[in-house]
Every structure is written in C-alpha cells, then in structure tokens.
Number of protein chains: 2
Amino acid sequence: MTTLWDRSRQVAVQEIVDTAVRLFAEQGYEHTTIAQIAREAGISQRSLFRYFGTKEDLVCGDQAALGELLKRTVQQQPAEVSVWDALRAGFEVILTANHTPERVLELSRLIFNTPSLHARYIEKRLCWQAELVPIVQARLGSGPESTPDPRAKAIVATVFACVDAATELWADHDGFLDLADLYDQCLAAVRGHS
Amino acid sequence: MTTLWDRSRQVAVQEIVDTAVRLFAEQGYEHTTIAQIAREAGISQRSLFRYFGTKEDLVCGDQAALGELLKRTVQQQPAEVSVWDALRAGFEVILTANHTPERVLELSRLIFNTPSLHARYIEKRLCWQAELVPIVQARLGSGPESTPDPRAKAIVATVFACVDAATELWADHDGFLDLADLYDQCLAAVRGHS
DNA sequence: GCGCAGTTGGCATTAACTGTCAGAAAAGCA
DNA sequence: TGCTTTTCTGACAGTTAATGCCAACTGCGC
C-alpha cells in the first residue's frame with residue numbers, strides 16, 4: 001500500500017529532477033552546484049543528498065528500475081527466440097517504456113556531452129550487463145567444457161556497445177532518425193549479414 | 001633534449017605511482033587519502049596534484065599515451081588488412097608495450113573493483129574510441145549516401161567491448177588464461193565464424 | 001655571483017559528500 | 001481527539017578532492 005509519504009516523495013523527486021535537469025541544460029552540469037539546485041527546489045542540501053546519493057544520480061538515477069525491466073523482458077522471451085532477438089526485444093521495451101522522446105533526447109545529450117555523466121551512465125549499464133550474462137548464458141546452452149565461456153559476456157557487451165553507438169548517433173541528429181533502425185544497422189555492420 | 005628536470009621528474013612520477021598503488025592495494029582506493037600518499041611519497045599535496053590532475057590519474061594516468069600508440073598502430077596497418085585485424089593489431093601492441101603482466105593484473109583488479117576508477121577508465125577509453133572512428137571510417141570506404149554511417153562507430157565500440165570482456169575474464173582468472181585467445185573467442189561468439 | 005624560467009610548497013577556498021542530532025511531521029493506537 | 005512511536009527533515013560541523021594564488025626555491029645561462 002502506498003502511504004502519503006511515498007506519494008509526496010515521488011512528487012518531490014520528480015520536481016527536484018526537473019529543476020536539476022533544467023539548470024544543467026541552462027548552465028552546464030559542472031557549473032551547477034548542489035546548493036543552487038537545493039535552493040531552487042526549496043529543499044535543504046542534506047535532504048537532496050538523501051534522495052539522490054550523488055549529483056550524477058540526479059540524471060542517471062532511475063536506471064536501476066530500467067535494468068530490472070530489461071532483465072525481466074529478456075528472461076520472458078520464448079525459448080525459440082535467439083539471444084540476439086531476445087536482447088533486442090528487451091531494449092525495445094525500455095525505449096518505449098520510460099519517457100517521451102523529447103525527454104530522452106534531452107537527457108541523452110546531457111549525458112553524452114558531460115564526460116563524468118557519460119562514465120557514470122556506462123558504469124550503471126555495466127551492472128545491467130552483469131545481470132544479463134547468466135540469463136544469456138543459459139539461453140546459449142552449455143559451451144566449451146572446463147574452460148570459462150566468454151560467449152555470453154561478449155554478446156551482451158556487444159549489444160550494449162551497439163545500443164550506445166546508435167543512441168549517440170540518434171542524439172547527434174536530434175532524434176530525426178529511427179533509433180531501432182540505427183541499432184539494426186550497427187548490428188549488421190558488426191555481424192556481417194546486412 | 002632531456003634536461004635534468006625531465007629525468008628527475010620521471011623518476012618522481014614513477015615513485016609516486018608506486019607508493020599510491022601500493023597503498024591502494026593495502027587499504028583500498030577510497031580509504032587512501034591524497035594527504036597520505038603525498039606524505040609517504042615525500043611531496044606536498046599541491047605538487048601531487050600538479051603531477052596528476054586527479055586521484056584517479058594515479059592509476060589511469062598513462063592511458064593518454066597508450067591511446068596515441070593505439071591510434072598510430074591502427075593507422076599504419078597496410079590497406080589490405082581488414083578493419084577487424086587492424087584493430088586487433090593495435091590492441092596487441094598495447095598489451096605487450098606497457099607493463100609486466102603482473103603489473104597489468106594488479107592495475108586491472110584495482111580498476112575493476114573500484115567503481116570510480118572503473119568509470120574514469122571507461123571515460124578515457126571513450127576518448128580512444130572517438131579518435132579511432134574516423135580512421136576506421138576511412139578504411140571502410142564510403143558507405144550509404146546521405147544518411148549517416150553508423151558502421152565505424154559500431155565496429156569500434158564492439159571491439160572495445162570484446163577487449164573489455166576478455167580483460168575482465170582474464171583478471172578474474174588471475175592471468176592464467178591467454179588474453180589474446182580470450183579476445184578471439186569473444187569476437188568469434190559475436191561474429192559467428194568461429 | 002645574478003637574474004630568469006620553471007617548480008614547489010603553504011594557505012585559503014570551493015564543492016561534493018557524510019555523520020550527528022534535535023525537532024517536525026506522519027502513522028498507529030486508544 | 002490526544003498520545004506514542006516511527007520516519008523524515010534541516011541545520012551544523014567535518015572530511016576529502018581539487019583549484020587559485022603567491023612567495024620561496026632550484027637549475028641554468030650569462
């Protein structure tokens with residue numbers, strides 16, 4: 001059951017994120033201080049750090065939930081679907097699930113243009129990868145015996161690399177291109193059979 | 001010409017790095033302060049920050065030079081070599097060029113086990129990627145007209161993803177496996193023709 | 001020896017966090 | 001409604017990484 005606290009907290013979180021992203025877009029991430037965000041959002045600095053453990057989490061914060069969704073989607077793909085298609089299905093769900101395209105574009109630009117944010121973003125994605133590897137491993141079936149099997153790790157890492165490449169290109173072109181299409185082109189370039 | 005300053009500076013840098021890495025290994029990265037490193041290395045905090053712009057650079061510092069080497073190596077591969085082989089050649093040079101395997105193993109573990117270091121490491125690698133993309137683009141020849149060509153970006157990102165997967169696996173097994181071999185297995189899992 | 005260029009160390013300052021603790025606000029209960 | 005307990009908030013002080021500034025120092029050519 002959702003208490004009053006939970007609800008007002010969610011509203012507060014959204015409001016703070018909006019304030020922060022607006023300020024980041026206006027003056028740049030590095031030149032916006034936590035103190036300023038807290039002031040404009042009408043909250044104490046201390047509370048802000050209680051909501052978001054770090055400044056970076058103001059932008060990359062809700063990735064944990066998305067990771068869960070991705071994992072569940074991939075896991076629930078029927079067994080006859082190939083790993084590549086299963087992973088692709090997972091990303092399609094994520095892309096449509098979360099925000100409006102404009103919002104995604106805004107956040108993508110912010111992340112890609114801010115080194116420290118980009119690094120943090122990839123770090124979180126690495127956590128997704130680690131969680132997906134065993135699932136992919138299971139789908140691949142048993143590989144070489146006695147020596148560790150790098151296939152799952154490699155496939156997952158590659159898919160993420162292509163998603164990243166496609167997203168960056170998409171953001172560079174202001175969202176005028178089709179993201180799923182770009183992803184398919186990336187994967188085709190890597191795997192050959194275009 | 002190398003002056004006395006340059007030489008003593010290089011010695012100092014090496015000494016500081018050794019001190020820092022030793023302390024990081026002993027007490028963990030986060031629990032080692034700049035003040036302590038400076039004290040043990042017999043240098044002022046201020047100077048330490050002049051040698052290494054950030055705490056992370058104590059570990060990931062010489063990546064800039066490695067990136068240059070990688071770029072040059074890939075660029076100098078003969079034209080008949082495929083992009084995949086050219087990139088592979090670049091990484092082989094890097095792996096053998098720098099440190100002893102033990103040192104690489106120690107640094108790899110430190111980086112993979114420390115989130116903030118991992119993030120910085122990835123950030124630097126992203127710079128390498130950005131520099132390699134035009135080179136790979138040139139090797140691929142002109143692709144689709146009028147629409148941006150995602151191939152180079154995708155290929156470079158994939159190669160890095162496989163290097164990363166292989167390196168992590170290699171570090172997990174204390175360096176007992178062959179890194180180049182792991183890389184080939186990763187790429188084979190992705191590209192099919194094993 | 002003498003000045004010059006580059007280097008170093010100390011000091012002050014900023015900004016991201018963290019620990020603590022008293023007090024406010026909500027929840028649960030009579 | 002009133003009271004207790006739980007949970008959250010804000011203020012304050014403190015830590016750590018990082019930067020700017022300036023004065024003192026060091027090697028080097030003259």
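Sequence lines set the chain letters: A, B, ... in the order given, protein chains first and strands last, and positions in each chain run from 1.
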Starting at NZ of A/K55 and ending at P of D/dA17, how long is that distance when rounded to a whole Å? 18 Å
Hey, can you pull the residues of residues 35-50 of chain B with a non-hydrogen atom under 4.0 angstrom from DNA chain D? B/R46, B/F49
Decide, yes or no, whether a salt bridge links B/D184 with B/R191 under the criterion of side-chain N to carboxylate O below 4.0 Å. no
Rounded to whole Å, CD of B/Q10 lies from P of C/dT7 at a distance of 14 Å
Quick one: B/I34 CD1 to C/dG9 P, roughly how many Å, whole number? 14 Å
So A/T32, base contact, sugar-phosphate only, or nothing? Heavy-atom distance under 4.0 Å. sugar-phosphate
Looking at A/D62 and A/K124, does any basic side-chain N land under 4.0 Å from a carboxylate oxygen? no
Between A/R139 and A/D85, does any NZ, NE, NH1 or NH2 come within less than 4.0 Å of an OD or OE carboxylate oxygen? no
Taking every heavy atom of B/V190 against every heavy atom of A/W84, the minimum-distance pair comes out as O-CZ2, 3.8 Å
Would A/R109 and A/D174 pass as an ion pair if we require N to O under 4.0 Å? yes
From CD of B/E56 across to P of D/dT16 the rounded distance in Å is 16 Å
Taking 4.0 angstrom as the limit, do B/R125 and B/D164 come out as a salt bridge? yes
How many Å lie between CG on B/D57 and P on D/dT19, as a whole number? 10 Å
CG of B/L23 versus C1' of D/dT16: gap in Å, rounded? 16 Å
Given atom CD1 of B/I16 and atom C1' of C/dT8, what is their separation to the nearest angstrom? 12 Å
Would you kindly give the CD-to-C1' distance between B/E30 and C/dT18, to the nearest whole Å? 13 Å
Taking only N and O in the side chain of A/Y51, is any of them less than 4.0 Å away from OP1 or OP2 of D/dC8? no
